[in-house]
Structure formats: C-alpha cells, structure tokens
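These numbers were taken from a predicted model, which means no experiment stands behind them. Numbering starts at 1 and runs along the sequence shown.
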Amino acid sequence: MPKAKLFENALTHGARVGWAIFDKLNSISPNPGFIPKWSEKPLLKSYQKEKPPLGWPRTTDSLCPKCVPEIRKQIVDGTLPHEILLNQKVGEIKAQIIERDGNILMVKDCPIHGHFEDLMSIDTDFFRHLEEVFPGRDIRAHNDEKLHNHGTSTVTHGRGAVLTIDLTNRCNMMCDPCFMDANQVGFVHELTWEEVKTMLDNAVSIKPRRQMSVQFSGGEPTLSPYFLDAIAYARKVGYTSVQAATNGIEFAKSKEFCQSAADAGLRYAYLQFDGIGNAANSHRKVGNAFDVKLQAIHNLYEAGVDIVPVTTIVNGINNEQVGRIIQFALDNPKKINFLSFQPVSFTGRDEDITDERRVAQRYTLSHLAHDVKTQTGLGEPTRDWFPISFMSTFSDWADLVHGPDRDWGQLSCGCHPNCGIAMALMIDKETKEAVPVTAFINADRLAKDVARINDAARGKWISILGVTLALLRNYKPNAAPTHFRIKDLLQKFDKSFGATGRSYGKVTADRTKADIDRRRADRWNFLFVSAMWFQDLFNYDFRRTEQCIIPYATQEGEISFCAYNTGVGWRNIIEKMHMTATLTKWYEEHGRHEIFAGGKKVGIGHQDKYDLVLNEDHVNAQANDTFDKSGIAKNAREEKIRSRDAKLKQDAENARMARLYRKEILKELDQPGFVQLGDIKPVDPSSRGTGIEEPVAGD
C-alpha cells in the first residue's frame, strides 16, 4: 500500500476519536437557529423538518387523467373561469401507492372514468432507500401570497432551486416528445421585456429569498429577442447561476452568439442531448442533430459556458443510450461535469396516449439506476444513488457557516424523494479513472453527522472543524481514486459550498475568463449524474407538487413545474390568457422562423475539429428499433395516424356492410344509371383539370 494511503488511513482512524470527543462537547447546550437576512424565519433544525407521508401502502391526492383535460379545455375555451382552480379541487381523486409483484404502483379510481394504474418503481428496496434517507422539507414559504396562489397546486415549501422562465412558446424544432406541444397550439405566447423584468424582480422580493438558478426556456429561448437582455438582467439582480434550456441550434450556428451569451452572464447551457450519434437522435427529426450538439458543445465551452447534456429517456426509444451518454461524459471530463436524465412525462403532445404505449414507454428513476449499473458497471442502486434533496443537509450547513448577514441562501434542493435522484462520480481528468463518491465516503452517516453539527448551531469555524472531522471519519482512502488525496476531498467540499472564503474562481456577476479557467483547472471532476422525473396525470401526487423546487415564473405567479406542464395544466390556461398573437397575425407581422423537422439538416457552416472524444461504435450504431418490431406506435404523431387510418378502415367496413344489408336484406337492387348517395365521393381539388379525377380517400 502506498505511504500516502497508509498515512490517510491513520488520519481517518484518528478522526473517529476526534469526532467522538467533538460531538459530545458540541451537543451540550446547542444554540438556537438564527434568522438569516434572506428569510424571516430561523434556520430549521433537522428534527424540525416536516415530512410528507412516505412508505407504502399510503394514500395521497391525485388527479383523474380524463377529467382534467375535459375541464381544462372548458377553461381555455372560456366556458369556465380559471378561478375555479383556486377555489375547487378540480378533477382531484384519491390514489394509493402500493406494492404488487415486486413493483411499486399508483392505483386510483374515478367515479366517472374508472380505474387507472401506473408504475412508480421496479425496485422496492431502491424506492424504500430513497424515502428513508430523505431529510425532510425545507423552510416553509412565507410572505409569498402574491406569487404562490394556485389552489391545491400552490407551492408551500422550500426556497426553490431553479426558477424557470419561458421566454417564448416558439421553437425551431418539432419534437416528439414535447411537454409543451410547441408550434402546435395555434398562437404565440412571448414575454415582453417588461414582463421578463417583473418576473425576475418578483422572484427576489419574497422570503425566503431563494438561491434559485434562473433557467430561460421555451419553446426555444434563443428565438426570443430578449434572450441576451434577460440573461444580463438576471445577473444584475443577483442570480449567479443563469441557464438556458436549449436544443443548441443557434449556439451551433454561431460562435459569436455563444460569446455574446457568455458575456451577458450565461453560465450553463442545458443542452437537449438524447444519445450518441445521429441515429440515436433521429426521433427528434433533425437530420444532423448529433452534429449540432457537438458543435454547440464546442462553441459554448470555448466561450466559457458550461454544458449540461439533458436527456429525455423513453423506454424503447433511447434507454440503451444511458450508458453511452455517461461514457461520453467520462471520456470528456474537462467539458462535461453534469448530466441530467429526465424519464419521459406523458404530457403535452403525449397527454392523450394509449394505455398500450404508455405501459411500453414508461421509464422510472429505478429503471435509470439499474440501467446505469448494467450499461456502465457503475453505481449500486441503494449505495450510490440518493434523492437530490439529500444534499439539503449540506446546504443547511453552508447557511450556518455563511452566517446571518448573507444576502442569499445556499442552493437547497428540498424536493420530494420521488422527484429526483443523483449519483456523484469523482473523475480524474488526467487518467479518466472514475469512482462513485459514495464508494469511498459513507454518505448516509456523513449526512447524520452534519445534521448534528447543524443542530448545535455553533459559529463558522467550529462548524467547519466539525465537518472536517466528519468527512475524515467517513472517508475510506483505499476505495478512493488512485491519485485522490484527503486534501482534494477537503478542497472539493470547500469549493462546492464556499465555506472558508478561499477563492477557487468567482461565480458572481463580475467573474472573468480567468475565473472560469481557474475553476476548470481543478484536476478532479465532480460529475453529477442526476435525474428529474416530472409527473403526468397518470402518476400525479400533490405531495410532490407542494414542495416543488423548479417553479415557473408566469404572469399569474410562480407555479410548480408539474402543475404548470401537467396536472391541471396551468401552461395551457396562462398562455391562452396572455396570448401575444394568433399564428396568422404573428406571421403577418414578423414572418415565419425556420423550423427543422422531417429530417431537415441545420446549416452550421464550417465545423471546427472537435477536441471531443467519441466512441465510434456508439456514434455509428443504429437507432433503437424496439417499436418497429413491436407494432406499437412510437409517438403521438404515429398514434394519430393509426387512429385516423383505423377510423377510415372502420368507416369503409361500415359502408360495405350497409350496402350488403340493403342488397341482401332489404332487397334494394342498384338500378342502371343511378348511384347510392352514400357512394358519392368528393373529388380531390388537386386533380381537377388533370384528366385523372380521384376521390379523396376516406371522405
């Protein structure tokens, strides 16, 4: 064993003794939690945190997948007032979370539409683990009535993590799936500059003042004329993490645009990234989609923007890409330090999905944990995966260390344990060795140690001493990456939470390229493999909605991500209420923007030689053909075509049977020179004057 490891083993043994003494002394006469500047309520102790009902069987509040769209349509059409959502429990029914045949299911019954059930997890131990390590809800929202007032969909807990602002519903793609049904709703909803500023101003006005990243989204946010201005203004009002959720087309087309976004203050690009190779992205219907992603990554990184590949995972469409995407990140650790997987939510274009396709395409957080292990060999589901809310204990410690005069609280992902999960990998950028952090740190015990430090509520340096001892006593040197040392562990922790005040490169609005380069120079990449499982009407749980950490800012206040995009569907209602123009009117005044669909390629001009490492076998692999073989429709468009064809076939059969009935039963014989009215087919207008006039099929 190397001498360094021997020394570190001795140090961890000593830390166990030191922790025992520290913990005993520190637990004597704990201090009360202080009220920070960003809140009007004191920091919570671990034992003060509330928890929703967990475990199973349990009952929760849910929605009927059939009632809600019917009522929503009436609101959008103007036959019902939207205030009904504030005062009544529209479409709400009870649901049970149960175990059956080793799976966790949600089952529910509507008195009108009958029985519904859906899969929550394929691994009961994994589901139990996530709920058992959940530390509890974050501080309750207060002084927020003007922004959080949406009936039973109201956000009630937490300071948030990412504030999402849809700048426009216009998009330059026509994707399946799409939870907002972009380019298909018949009107344009695009924020004015005053609306953008108001939403950002409102978000920082309430308590607790949340350390929320701001993510500009859409549609495609880069199509908004205020995209760059919005980034700059978000930085101006204090947000250090400004993001764009993008398909990358505009960033791939122009290095200058990337640099302008970086100069305005863009820190992260959440890049749509569904797999490795153009075939793996073919369901997005852009001929060179993967080439676009690579060019966007190259341009953005060069400009100083960090990239987060975001993958919508659909079972049978791209689930085999999980391991390939992680391998892409492992092969390129200097450019990728965060991956975000999003199991498909059947909403937007997919809300009216058939049961057959929904069952076949359903993908859960448990699927992801097992696919990662199977496809990469990394990650034990119940050792290395945690709910993302697990990190809130460490955020509480950072709030304690930063003291009461801090303007903003620490980022705290206090969502429900069924919402999102993450696994952290420590990667050596030089050797590319990767090890799950929880393989060499006892994370569960560390979190409990940190909670005890938080509960004592001592001063900055005593709390830092306590965490140092806790880290050392829970560290296993022999299981860590070969060249990883204790000093690296302590520095990575400090860099993540900014405890000691040491500079690792600024992230504030005045950061420079030198700050960016300094942060990137770190040998160790702390790669987060995360997943957010957004709800749909089939698995909706109000206990998740009320502690949402990713609210949408709208003209009608801040609304839970799932209540906005799924649930009662506030998006459809608010966008119609605040419609900018009909498509016809918009096109008359602004013209049509280019849309890439049907296999059309994006013109990205000269492509630099990427310094990205690619696995050629993955790049050249064929697209997933599961649904080609199964006979089940791949997406909403195919379902509509099949439904139409089935109706045409049924209509033709009905007409044939009617003719047979008239002929054989009623003895109505066709007379020469006459035709049955039902047999007359309208003429296809396009065939007039061609000499070949064909009837329109199916009319």
Side-chain angles (χ1 to χ4, degrees), residues 50-54 58-65 67-69 71-72 75 82 84-97 106 108 116 118 120 130-131 134 136-141 144-145 147-164 166 179-180 206 210 212 342-343 345-348 351 364-365 387-389 392 412-421 531-554 556-574:
E50 302 175 8
K51 292 185 179 182
L54 300 173
R58 71 174 185 259
T59 299
T60 191
D61 297 303
S62 189
L63 292 165
C64 171
C67 288
V68 169
I71 297 168
R72 183 198 307 139
I75 297 173
H82 79 275
I84 192 174
L85 301 177
L86 308 182
N87 307 314
Q88 299 183 32
K89 296 186 176 184
V90 176
E92 293 188 28
I93 57 176
K94 294 293 182 181
Q96 285 72 46
I97 310 295
M106 174 180 281
K108 52 191 177 183
F116 301 91
D118 211 332
M120 300 287 290
L130 296 180
E131 295 194 341
F134 172 58
R137 291 165 166 160
D138 196 6
I139 189 170
R140 195 172 184 92
D144 61 335
E145 292 79 7
L147 292 186
H148 295 155
N149 180 27
H150 304 94
T152 48
S153 296
T154 299
V155 177
T156 59
H157 288 80
R159 70 190 81 172
V162 180
L163 178 71
T164 305
D166 278 355
F179 59 66
M180 72 168 297
I206 64 174
R210 294 149 295 166
M212 287 190 299
Q342 296 179 356
S345 171
F346 297 117
T347 186
E351 186 173 73
T364 70
L365 298 174
I388 60 173
S389 48
S392 64
S412 182
C413 298
C415 58
H416 193 284
N418 298 160
C419 288
I421 60 173
M532 284 298 295
W533 187 24
F534 300 119
Q535 304 179 89
D536 50 50
L537 286 171
F538 303 96
N539 56 28
Y540 202 84
D541 186 345
F542 277 93
R543 300 295 81 75
R544 290 177 59 181
T545 305
E546 61 197 14
Q547 58 187 94
C548 176
I549 61 168
I550 313 178
Y552 270 84
T554 77
E556 299 296 318
E558 293 181 4
I559 306 174
S560 155
F561 188 102
C562 292
Y564 192 63
N565 290 308
T566 66
V568 295
W570 276 97
R571 173 191 290 280
N572 309 70
I573 297 163
I574 290 174

Under 4.5 Å between any side-chain heavy atoms of [X] and [Y], yes or no?
X	Y	value
Ile388	Ile549	yes
Asp138	Ser392	no
Leu85	Ile573	yes
Leu63	Phe116	no
Thr164	Ile550	yes

Atom pair [atom1] ([X]) and [atom2] ([Y]), whose distance is rounded to the nearest 0.5 Å:
X	Y	atom1	atom2	answer
Asp144	Asn149	CG	CG	9.5 Å
Cys67	Ile93	SG	CD1	7.5 Å
Ser153	Leu86	OG	CG	9.5 Å
Asp541	His416	CG	NE2	5.5 Å
Asn539	Ile97	CG	CD1	8.5 Å
Gln547	Cys413	CD	SG	12.0 Å

Under the side chain to side chain contact (heavy atoms under 4.5 Å, CB included) test, which residues partner [X], sequence neighbours left out?
X	answer
Ala95	Thr60, Ser62, Met106, Lys108
Lys89	Glu92, Thr152
Leu130	Phe126, Pro387, Ile421
Glu556	His82, Thr554, Ile574, Met577, His578

Which atoms form the tightest heavy-atom contact between [X] and [Y], and what is the distance?
X	Y	answer
Lys94	Thr59	CD-CG2, 4.1 Å
Val68	Gly567	CG1-O, 3.2 Å
His148	Ala141	ND1-CB, 4.4 Å
Ala563	Thr545	CB-CG2, 4.0 Å
Leu163	Ala553	CD1-CB, 3.9 Å

Could you tell me whether the side chains of [X] and [Y] share a donor-acceptor contact shorter than 3.5 Å?
X	Y	answer
Tyr552	Asn565	yes
Glu131	Asn418	yes
His150	Glu558	no

Set of side-chain hydrogen bond (donor to acceptor under 3.5 Å, both in side chains) partners for Asp536, sequence neighbours left out = Arg362
Under the side-chain hydrogen bond (donor to acceptor under 3.5 Å, both in side chains) test, which residues partner Glu546, sequence neighbours left out?
-> Arg137, Arg543
Would you check if the distance from the ring center of Tyr540 to the ring center of Phe538 is below 6.0 Å?
-> no
Looking at [Y], is its backbone amide N or carbonyl O close enough to the side chain of [X] to form a donor-acceptor pair, meaning the two atoms are under 3.5 Å apart?
X	Y	answer
Gln342	Phe534	no
Ser389	Cys415	yes
Glu50	Gly136	no
Thr566	Gln535	yes

